[in-house]
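The structure displayed is predicted, hence computed values, not measured ones. Below, each value reflects all heavy atoms present in this structure, side chains not excepted, and no hydrogens, waters or symmetry copies.
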Amino acid sequence: MSDEKAGRAVDERLEKFLIEWLGGWPGTPGVHVVGADVRLRPGWDGSTTNVLGVSTPDGGVLSVAPALADPVRAAVRTWDDVPVELPRAVGRPQARAFAGTFRYATDPTDLPDAGEWIAFTDERLPAWLRPFGGEALVAFGSDGAYAAGVGIKRHNAYGMEISVGTDERHRGQGLASRLVAQAARHILAAGAVPIYLHDPANTASDRTARRSGFPDLGWKIIGVWG
């Protein structure tokens with residue numbers, strides 16, 4: 001597409017993913033609150049999330065359950081209102097709003113493959129990888145034991161989120177970056193865009209993302225926790 005947002009040409013897969021996931025494109029100036037039925041439907045793990053947002057340097061979307069749209073519009077008029085007003089507006093005043101780093105890749109780093117795709121039921125997988133379902137991308141050590149792995153959150157046909165974890169004994173070897181880049185290429189080949197989310201304070205995740213080709217464009221994932 002020739003249109004540009006956040007300094008990049010908009011990838012059609014990314015646009016379709018976010019419109020389906022949120023109910024609107026997050027390049028809309030200011031805070032655009034959308035009452036979306038998708039917030040009432042189970043996500044990749046079977047749970048529902050009644051508030052979810054993505055902000056960009058150009059603006060953003062807060063996607064909420066339809067019944068919450070008017071209260072959130074009234075309370076959250078600017079992004080500065082989000083930390084205090086958003087939890088109250090969705091009926092969770094004791095919770096806290098968070099803003100994680102939202103990254104995506106259309107040209108992952110050309111790092112060598114590090115893992116193999118195996119079924120989530122494989123007994124060699126650690127417990128944290130099993131809830132993702134489908135196949136996990138796993139690197140094994142010379143002893144045949146789990147070294148590092150990637151699970152895929154299959155949000156919809158256009159966007160899939162990568163989660164990565166490395167066994168403590170195998171950290172510092174670059175496995176995470178290689179696996180993330182390999183998984184990103186796999187997702188792109190399937191016609192979707194790979195997503196990578198992390199806490200801004202997590203320097204290890206930041207390093208993995210940068211090395212594997214997920215730039216920080218100033219996008220944020222917004223939610224309410226607790």
Side-chain angles (χ1 to χ4, degrees), residues 1-41 43-44 48-87 89-90 95-108 153-163 184 187-188 191-200 205-206 209-210 213-225:
M1 299 176 63
S2 60
D3 188 19
E4 292 192 357
K5 296 177 177 69
R8 281 181 150 200
V10 177
D11 185 272
E12 185 177 3
R13 295 160 296 190
L14 179 70
E15 188 171 35
K16 288 180 177 179
F17 162 57
L18 289 173
I19 289 174
E20 184 173 317
W21 199 42
L22 300 174
W25 173 252
T28 306
V31 181
H32 184 50
V33 178
V34 175
D37 289 338
V38 68
R39 299 277 69 81
L40 304 176
R41 297 196 292 267
W44 71 272
T48 58
T49 304
N50 67 357
V51 55
L52 181 68
V54 172
S55 68
T56 78
D58 296 325
V61 165
L62 285 178
S63 173
V64 299
L68 298 173
D70 287 343
V72 172
R73 287 191 191 104
V76 182
R77 298 183 180 278
T78 72
W79 291 106
D80 290 338
D81 294 330
V82 167
V84 174
E85 300 299 339
L86 183 59
V90 299
R96 68 177 182 87
F98 66 84
T101 302
F102 179 107
R103 302 175 187 244
Y104 66 93
T106 56
D107 186 23
K153 298 179 182 179
R154 297 165 177 84
H155 293 300
N156 59 44
Y158 305 109
M160 301 183 191
E161 180 187 342
I162 293 172
S163 294
I187 291 169
L188 287 164
V193 63
I195 309 301
Y196 189 102
L197 311 178
H198 67 90
D199 185 331
S205 285
D206 173 76
R210 286 187 286 104
F214 286 76
D216 184 353
L217 301 175
W219 290 41
K220 303 295 181 184
I221 182 77
I222 310 296
V224 175
W225 181 84

Within-4.5 Å side-chain heavy-atom neighbours: L22 and V54 = yes

ask   = Side chains of V38 and E20: does their closest heavy-atom pair fall under 4.5 Å?
value = no

inquiry  = So L217 and R103, do their side chains get closer than 4.5 Å, heavy atoms only?
reply    = no

message = Tell me the closest heavy-atom pair linking V51 and R39, and the distance in Å.
response = N-CD, 4.0 Å

request  = Compare all side-chain heavy atoms of L14 with those of W25 and state whether any distance is below 4.5 angstrom.
outcome  = yes

query = Going from NZ on K16 to CG on D11, what distance comes out if it is rounded to the nearest 0.5 angstrom?
reply = 10.0 Å

request  = For residues G213 and P215, report the shortest heavy-atom separation together with the two atoms involved.
outcome  = O-CD, 3.2 Å

key: Spacing of CZ belonging to R13 relative to CG belonging to L188, to within rounding of 0.5 Å   = 5.0 Å

task = Name all residues meeting the salt bridge (Lys or Arg N to Asp or Glu O under 4.0 Å) criterion together with D70; count only those two or more places apart in sequence or in a different chain, and write none if there are none.
result = R73

Minimum-distance pair of heavy atoms, taken over all atoms of P26 and T56 = O-OG1, 3.5 Å

request  = With sequence neighbours left out, write down each residue that passes ring pair (Phe, Tyr, Trp, His ring centres under 6.0 Å) with F17, or none if nothing qualifies.
outcome  = W21

inquiry  = Please give me the minimum heavy-atom distance between D37 and P66, naming the atom from each residue.
reply    = OD1-CG, 3.3 Å

inquiry  = Quick check: closest heavy atoms across K153 and S163, and the distance to 0.1 Å?
reply    = CE-OG, 3.5 Å

key: Contacts of type side chain to side chain donor-acceptor pair (under 3.5 Å), residue S205, not counting sequence neighbours   = N202

ask   = What residues, two or more places apart in sequence or in another chain, satisfy side chain to side chain donor-acceptor pair (under 3.5 Å) together with R154?
value = none

message = So P57 and W219, do their side chains get closer than 4.5 Å, heavy atoms only?
response = yes

message = My understanding is that only residues two or more places apart in sequence, or in another chain, count here; which of them pass side chain to side chain donor-acceptor pair (under 3.5 Å) with K220?
response = none

note = Heavy-atom closest pair (A36 atom, S63 atom, distance to 0.1 Å) is CB-OG, 3.6 Å

message = Suppose we screen for side chain to side chain donor-acceptor pair (under 3.5 Å). Which residues come up paired with N50, at least two apart in sequence or across chains?
response = none

